[in-house]
Amino acid sequence: MGEENSSPRHLLPARICFSSLKLPSPNPPTSPPLPFPVSAFKDPFRLASRFALSRLAPCLRPAQRLLRSFVTERYIATRLPSAAAVASFASVSASSSNVGGEVAVVESIRPEVQVLANEDDVAKSSNASHRRHRNGCPSQHSKEEQERVLVSEVRVLNKDGEELENKELLDTASRALKACKPSAALTVQEVQEDVHRIIETGYFSSCMPIAEDTRDGIRLIFQVEPNQELKGLVCDGANILPARIVEDAFRNEFGKVINIQQLNKALEMVNGWYMDRGFFAHVTDVELLSGGIIRVGFSEAEVNNINICFLDRKTGEPTAKKKTRPETLLRQLTTKKGQVYSLQQGKRDVETVLTMGIMEDVNIVPQAVGDTGMVDLTMNVVERVTGGFSAGGGLSGNGITNGPLSGLIGSFAYSHRNVFGKNQKLNISLERGQVDSMFRINYTDPWIEGDDKRTSRSVTVQNSRTPGTVVHGIRRGSTGPLHGGVTIGRITAGVDYSRPLRPKWSGTAGISFQQAGARDDNGCPKILDIYDGPLTFSGKAYDNILVAKLETVYTDSGDHGSSQFVLNVEQGLPIAADWLFFNRLNIRARQGLEIGPARCIASFSGGTVIGDLPPHEAFPIGGTNSVRGYEEGAVGSGRSCIVASGEISVPMFGPVEGAIFADYGTDLGSGQTVPGDPAGVRGKPGYGFGYGVGIRVDSPLGPLRLEYALNNVNQRRFHFGIGYRN
């Protein structure tokens, strides 16, 4: 994702400073205050201080003349070093309402008052003062800051010169005064710092220091204007922000005097909600209205448009050559026009497009649309090669426990990932082993066009042949082919529809037709095994089955150790008189738990069949993916079954893990209810358990499992498998 555009500058979180609130003032500026936040003046207190000086100078001059005429020179030297120094206290003031506009200030008190209209004039005056100082003539203002005045009394009053009604505010302001204490000799800078401290408490909108000469000496008065009590809150532009978030942030402030510091914390909490969810949104401005109402403005960047840009795989430049339809990608995005853009949602959209399997690289770049507060999204994609031929080899699901090389298979396949540019999949595969074989055609539409529930459709045609070892194999210790000279052939055609039901849940409904029967090693139909047991339910060479299927799956995450639950129900539909009628139920569950470096996994599977049951459709128990320590199907084959397993694995080094495990399986005494009782004839116990140790190796082919197990009759076996157990 584009780093340079992921966080536009104009969408930075906002803070409130005391000078940002538009509070009423007895002398409002002639021009409107600056936009939030105020940053035009580096030192707003200095400008306001000079403004106060120009207002109070005429009042202080008569007092100065009176003191000079009646007080001795020594008294003046000890108690009133300089009239200008006394007046300088009045030049220190701060206001959270007047610092934003153009103000009139003066350099100092003297008969010729120079009025500076704006910040530029202030800068010119400051530069002139510095020049005079460098030339050996320090400015009068610099002398005043260095000269100290003895203060006999310090008081905090309201703007009308009366006592504050709220004693808590009075105590707060008094505690904020660090330098200004009775009988203290103060400089202008120290008074200015205490003005800052009062304002920084957050409870006052303005503070004006006034120096009065009394019989007992100089009285320093801080005239403060408290903020209003918070009575209500108005949020403008907060369309996705839940009301409870605002209520929780401001709940403790209602009915209290507004504190700017607490207000900032509340707004940070609101901005934090946006940031935690990756929304391009923030607080933009705050305004104090009459009656203690605060208006909070929000900016939520809505998506204006979404564009798809195809990039060349070699050059990385935009290209017009594309195989995928743009609407195929756009429908995968959960981000839509008019929504507030979220970085987290954009990240999930990128992952969704990548899981389609037709793109090598995907990123989303947001760009601001002028000053509209909206963003345009550009999704840059690089397409993969859509399909081709492949060949390989592997192991069949039967493992290699039935003899050397019996489980090895070779495969040849053709696949196309993006048929018609709609992300539709076509797979044609052929697998062939010494006994196993399968030819399969599958066509999948991951999202049916025009459906808003993300329903997929899969059409499958398959012809397979598998050995009958697990049910119709020979007795242990007997001679002859392990599969008893029986292979089960199936021709299947069906269609499945799947869709998400809710987060982590999915459902599948389908219907299929299957023709299944037994053959000998020469490919001729066979209806009895070597122990004269039936191989079909109907007694014919083939059983015809029309099956309706319903399945629901819960998956906590894609990790092997995560929780999973699968419920599958199949119903045989007897459309014709000789078609089978049955109900088959399968349940699988898995729960993982991590304890330090160790990972514990408990799994359970079970099933039952009610109605017509061909022997080869019985539940086999025992083997690599069932009860380890037994051969495939050696525990039993029944109309019902339960298999439970527990495993603890610990990382050893690199991709290698060590594991200990224990399995248990039983046919619940249902082996005799299978036509011909194939398990009883072959002396299978119907129940058993096994335990052992193993290693796991993470490889490009998938997890490789090598295990050594013992069973309850002291038999020992090695098991090898690829992939995780079901």
Rounded to the nearest 0.5 Å, what separates atom [atom1] in [X] from atom [atom2] in [Y]?
{"X": "Thr536", "Y": "Ile527", "atom1": "OG1", "atom2": "CD1", "value": "7.0 Å"}
{"X": "Glu647", "Y": "Ile601", "atom1": "CD", "atom2": "CD1", "value": "5.5 Å"}
{"X": "His416", "Y": "Asn427", "atom1": "NE2", "atom2": "CG", "value": "11.0 Å"}
{"X": "Leu573", "Y": "Phe581", "atom1": "CG", "atom2": "CZ", "value": "8.5 Å"}
{"X": "Thr492", "Y": "Gln462", "atom1": "OG1", "atom2": "CD", "value": "5.5 Å"}
{"X": "Phe389", "Y": "Ser415", "atom1": "CZ", "atom2": "OG", "value": "9.5 Å"}

So, does [X] use its side chain to make a donor-acceptor pair with the main chain of [Y] at under 3.5 Å?
{"X": "Arg277", "Y": "Trp273", "result": "yes"}
{"X": "Arg639", "Y": "Thr673", "result": "yes"}
{"X": "Gln339", "Y": "Lys336", "result": "yes"}
{"X": "Asp543", "Y": "Ser538", "result": "yes"}
{"X": "Glu707", "Y": "Thr624", "result": "no"}
{"X": "Glu657", "Y": "Ile695", "result": "no"}
{"X": "Arg457", "Y": "Ser498", "result": "no"}

Let's go through Val486 and Asp520 carefully: what are the C-alpha distance in whole Å and the side-chain angles of both, what is the deciding distance for side-chain contact (heavy atoms from CB on, under 4.5 Å) to 0.1 Å, and is it a yes or a no? CA-CA 5 Å; Val486 176; Asp520 58 19; over 6 Å; no

With Glu551 via side chain to side chain donor-acceptor pair (under 3.5 Å) - residues at least two apart: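 Only Asn568 meet the side chain to side chain donor-acceptor pair (under 3.5 Å) criterion with Glu551.
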
Over 12 non-hydrogen atoms of neighbours within 6.0 angstrom of [atom1] in [X]:
{"X": "Glu351", "atom1": "CD", "value": "yes"}
{"X": "Phe279", "atom1": "CZ", "value": "yes"}
{"X": "Tyr414", "atom1": "OH", "value": "yes"}
{"X": "Gln672", "atom1": "CD", "value": "no"}
{"X": "Lys453", "atom1": "NZ", "value": "no"}

Tell me, with the steps shown, if Tyr691 and Ile660 meet side-chain contact (heavy atoms from CB on, under 4.5 Å). CA-CA 8 Å; Tyr691 55 92; Ile660 59 174; over 6 Å; no

Below 4.5 Å, heavy atoms only, C-beta onward: do [X] and [Y] meet side chain to side chain?
{"X": "Arg475", "Y": "Val681", "result": "yes"}
{"X": "Thr352", "Y": "Leu333", "result": "no"}
{"X": "Ser411", "Y": "Leu430", "result": "no"}
{"X": "Pro467", "Y": "Asp436", "result": "yes"}
{"X": "Asn583", "Y": "Val609", "result": "no"}
{"X": "Arg519", "Y": "Lys526", "result": "no"}
{"X": "Ser645", "Y": "Arg725", "result": "yes"}
{"X": "Thr355", "Y": "Val353", "result": "no"}

Relative to Phe689, does Arg628 satisfy both conditions: NZ or CZ under 6.0 angstrom from the six-membered ring centre, and within 45 degrees of the ring's axis?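 Here Arg628 fails the 6.0 Å and 45° test against Phe689.
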
Judged by modelled atom types alone, do [X] and [Y] share a side-chain donor-acceptor pair under 3.5 Å?
{"X": "Glu383", "Y": "Thr324", "value": "yes"}
{"X": "Thr386", "Y": "Asn418", "value": "no"}
{"X": "Asn625", "Y": "Arg705", "value": "yes"}
{"X": "Asn712", "Y": "Tyr630", "value": "yes"}

Trp505 and Tyr554 aromatic ring geometry - parallel, tilted or perpendicular at 30°/60° bounds: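 Taking Trp505 first and then Tyr554, their aromatic rings sit tilted (interplane angle of 30° to 60°).
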
Parallel, tilted or perpendicular: rings of Phe718 and Tyr708 (30°, 60°):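 Tilted: the ring planes of Tyr708 and Phe718 meet at 30° to 60°.
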
Which pairs with one or both residues in residues 673-686 pass salt bridge (charged side-chain N to carboxylate O under 4.0 Å, His left out), sequence neighbours excluded?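 Of all non-adjacent pairs touching residues 673-686, those that pass salt bridge (charged side-chain N to carboxylate O under 4.0 Å, His left out) are Asp529-Arg682.
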
Among pairs that include at least one residue of residues 486-509, which meet salt bridge (charged side-chain N to carboxylate O under 4.0 Å, His left out), considering only residues two or more places apart or in two chains?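 Those involving residues 486-509 are Arg490-Glu617, Asp496-Lys549, Lys504-Asp556.
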
Under the criterion side chain to side chain contact (heavy atoms under 4.5 Å, CB included), which of Val547, Asn544, Ile545 is the partner of Phe513?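 Between Phe513 and the candidates, side chain to side chain contact (heavy atoms under 4.5 Å, CB included) is satisfied uniquely by Asn544.
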
On a heavy-atom basis, which atom in [X] and which in [Y] lie closest, and how many Å separate them?
{"X": "Phe619", "Y": "Leu585", "value": "CZ-O, 4.3 Å"}
{"X": "Trp447", "Y": "Asp451", "value": "NE1-O, 2.7 Å"}
{"X": "Pro615", "Y": "Val674", "value": "CA-CG1, 3.9 Å"}
{"X": "Ala679", "Y": "Gly636", "value": "CB-CA, 4.3 Å"}
{"X": "Ser626", "Y": "Gly622", "value": "OG-N, 2.9 Å"}
{"X": "Arg417", "Y": "Ile358", "value": "O-CG2, 3.6 Å"}

Can you check side-chain contact (heavy atoms from CB on, under 4.5 Å) on Ile642 and Phe604, steps first, answer last? CA-CA 7 Å; Ile642 290 178; Phe604 167 86; 3.4 Å; yes

Determine, stepwise, if the pair Ser458 / Asn442 fulfils side-chain hydrogen bond (donor to acceptor under 3.5 Å, both in side chains). CA-CA 7 Å; Ser458 179; Asn442 176 261; 3.0 Å; yes

Taking the six-membered ring for Trp, is the centroid-to-centroid distance between Phe537 and Trp579 below 6.0 Å?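 For Phe537 and Trp579, the ring centres are not under 6.0 Å apart.
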
Show your reasoning for whether side-chain hydrogen bond (donor to acceptor under 3.5 Å, both in side chains) applies to Arg454 and Gln332. CA-CA 9 Å; Arg454 303 181 72 92; Gln332 299 289 335; 2.9 Å; yes

Derivation and outcome, side-chain contact (heavy atoms from CB on, under 4.5 Å), residues Ile587 and Val566: CA-CA 6 Å; Ile587 297 176; Val566 180; over 6 Å; no

Test side chain to side chain donor-acceptor pair (under 3.5 Å) applied to Ser640 and Thr608, Thr666, Asp667, the passing residue: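 The single option meeting the side chain to side chain donor-acceptor pair (under 3.5 Å) with Ser640 is Thr608.
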
Is there a side-chain hydrogen bond (donor to acceptor under 3.5 Å, both in side chains) between Asp349 and Thr335? Walk through the geometry before answering. CA-CA 7 Å; Asp349 286 339; Thr335 302; 2.8 Å; yes

